[in-house]
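Step one of this worksheet: look at the structure below.
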Protein chains: 2
Amino acid sequence: MSSSAASTQSTPTGPGPDEGLRARKRAATQAALEAAAISQASEHGYHHVTVDMICEAAQVSQRTFFNYFATKEAAFLGASPPIPSEGAVKRFITGNGGSVLAELVLMIESAIVASEPDRDVLRARRTLIENTPELFSSEIIRLAELEDRLAGIVLQRFEARGRTEATTPDILDEAHMVVGLAVSILRFAMRKASESDYSADPRAILRHAIGLVERITGVNPFTTDAREPRRD
Amino acid sequence: MSSSAASTQSTPTGPGPDEGLRARKRAATQAALEAAAISQASEHGYHHVTVDMICEAAQVSQRTFFNYFATKEAAFLGASPPIPSEGAVKRFITGNGGSVLAELVLMIESAIVASEPDRDVLRARRTLIENTPELFSSEIIRLAELEDRLAGIVLQRFEARGRTEATTPDILDEAHMVVGLAVSILRFAMRKASESDYSADPRAILRHAIGLVERITGVNPFTTDAREPRRD
DNA sequence: AATAAATTTACAGTAGCTGCACATTCACGG
DNA sequence: CCGTGAATGTGCAGCTACTGTAAATTTATT
């Protein structure tokens with residue numbers, strides 16, 4: 001389940017130019033299907049795209065489509081969910097001096113970007129997702145499905161800092177909440193990014209989002225609302 | 001769209017014992033369908049329940065089912081989404097001295113509880129939702145669909161406190177983020193509640209969740225991780 | 001080239017969901 | 001009480017997503 005690691009390359013996405021003809025063909029039809037899906041959507045509008053249309057455009061049978069994607073939506077979202085690479089995870093656990101929240105968010109963002117080597121496809125896909133509530137929902141669900149895994153990673157980071165159940169009884173809860181907050185921030189950031197038509201710096205948006213969270217919760221949340229922003 | 005307010009009663013949910021026979025029948029079949037859905041799920045397991053089964057149990061045609069619910073899942077989730085009552089909204093905007101986050105969360109929680117007068121049904125439903133990823137996802141989506149409306153309400157609260165675009169340029173962003181955080185907290189709380197089999201005090205769980213957020217973001221998120229909890 | 005394994009495909013079938021036309025039921029004024 | 005219109009229930013035909021299965025085609029291995 002977790003094998004299939006690269007042998008010479010480090011890119012987690014690419015099928016590898018070696019790996020044999022079989023793997024290459026497989027990657028090709030998958031890419032063709034994903035591209036066809038997005039293409040058809042931009043041409044006819046998402047709701048008017050049927051699986052059969054995608055199949056015809058990609059020159060495969062409908063049954064083959066469902067051999068690659070569990071659902072129709074998966075073809076639009078991209079098959080590979082944004083799972084951070086092992087290296088990124090290790091770096092996150094060790095830490096770069098930032099806050100859990102900020103670094104978690106950045107790690108996931110990197111994973112999303114890395115999940116699609118083709119910039120144009122990624123961009124078209126994100127635009128489509130952002131403008132299609134149905135797809136946007138699916139995207140959120142996908143992130144939610146990563147939650148347990150991510151919470152485990154956060155927990156490892158905590159433990160690497162000497163925090164355990166002994167020092168913090170509800171540390172697992174805290175880890176889960178960190179992931180939840182990170183997802184909120186990402187949602188916000190993705191929305192913002194699409195609003196600015198992806199011209200704004202993604203990192204800047206993320207910082208802004210994290211700043212908002214700080215502003216909202218910075219003061220004791222049981223006493224008063226946030227006051228004026230201090231800077232920026 | 002926003003009319004149909006009560007005439008003598010104040011309960012926002014009940015069809016009213018008056019309102020005419022037509023309304024009563026409608027409410028009855030809807031309740032019957034929702035009850036049948038949950039009942040069938042507890043008997044055969046969610047994934048083995050078909051719309052036809054629900055219809056047979058509720059003694060209506062399939063076509064009628066879809067006159068009441070847009071999707072099959074809606075029957076399990078309950079038709080009425082958790083929209084806070086006008087009074088609750090007004091109270092929230094005015095404020096009771098708590099933080100935005102805490103009060104928002106409490107308001108939504110109240111709306112969820114109020115959306116189903118029957119305690120047993122509510123409980124069975126929540127258990128089912130919590131144990132069915134598919135339904136849980138739908139539930140999240142539903143909350144997300146309220147986001148814009150809720151953000152508007154939060155904005156009103158801000159303005160009632162003298163905060164406007166002038167004092168805080170990104171105040172709309174802040175409102176959206178408040179809603180996002182509230183949803184995170186609710187998700188966490190719902191999960192926790194189902195883990196404890198709904199024996200724990202919901203309010204206590206919410207406080208715990210909010211406390212976690214505070215702990216995580218209390219310190220400048222760009223410098224260090226959260227330190228030891230200060231109390232509790 | 002022969003065999004095994006992976007991939008593709010056609011075909012049949014289930015289930016969610018919709019439009020439409022028609023029957024039934026309730027509301028309301030005379 | 002009756003007739004009329006609006007709301008609601010239902011049957012039916014049809015589209016689309018999705019699945020199981022078995023047979024065909026393609027790639028890998030020896």
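A donor-acceptor distance shorter than 3.5 angstrom exists from the side chain of A:Asp201 to the backbone of A:Arg203, with no hydrogens or angles considered.
One interatomic measurement links the two molecules: CZ of A:Arg26 to P of D:dA28, which rounds to 13 Å at whole-angstrom precision. For the pair A:Phe65 CZ and C:dA10 C1', the interatomic distance rounds to 18 Å; values are reported in whole Å. Between the CG atom of A:Leu21 and the P atom of D:dT25 there is a distance of 19 Å, given to the nearest Å. Atom pair A:Asn67:CG and C:dT9:P shows a separation of 9 Å (rounding to whole Å applied).
Annotation: of the two residues near DNA chain C, B:Phe69 and B:Arg22, the 5′-most nearest-nucleotide partner is B:Phe69. Comparing B:Lys72 and B:Lys25 by the nucleotide of DNA chain C that holds the closest heavy atom to each, the one mapping nearer the 5' end is B:Lys72.
Within a 6.0 Å radius of CD in B:Glu43, more than 12 heavy atoms belonging to other residues, nucleotides or ligands are found. Annotation for B:Glu159: atom CD counts as buried by contact number, over 12 foreign heavy atoms lying within 6.0 Å.
With respect to the salt-bridge test (charged N to carboxylate O, under 4.0 angstrom), the residues A:Arg191 and B:Glu147 qualify. Residues B:Arg125 and B:Glu139 are not paired through a salt bridge, judged by the lack of any N-O separation under 4.0 Å between the basic side chain and the carboxylate. For the pair A:Glu103 and A:Arg91, the salt-bridge criterion is not met [side-chain N within less than 4.0 Å of a carboxylate O]. With respect to B:Glu145 and B:Arg142, no salt bridge is recorded, no charged nitrogen being found less than 4.0 Å from a carboxylate O.
Side-chain proximity of A:Arg63 to the nucleotides C:dC17, D:dG20, C:dT8 is greatest for D:dG20. Checking C:dT8, C:dT18, D:dG9 against every side-chain atom of B:Gln62, the shortest atom distance belongs to C:dT18. Comparing D:dT10, D:dA28, D:dA17 against the side chain of A:Phe66 picks out D:dA17 as the nearest.
Residue A:Tyr68 places at least one side-chain N or O under 4.0 Å from the OP1 or OP2 atom of C:dT8. The phosphate of D:dG9 (OP1 or OP2) has no side-chain N or O of B:Thr64 nearer than 4.0 angstrom.
Within residues 40-59 of chain A, the residues having any heavy atom under 4.0 Å from DNA chain D are, by residue number, A:Val49, A:Thr50, A:Val51.
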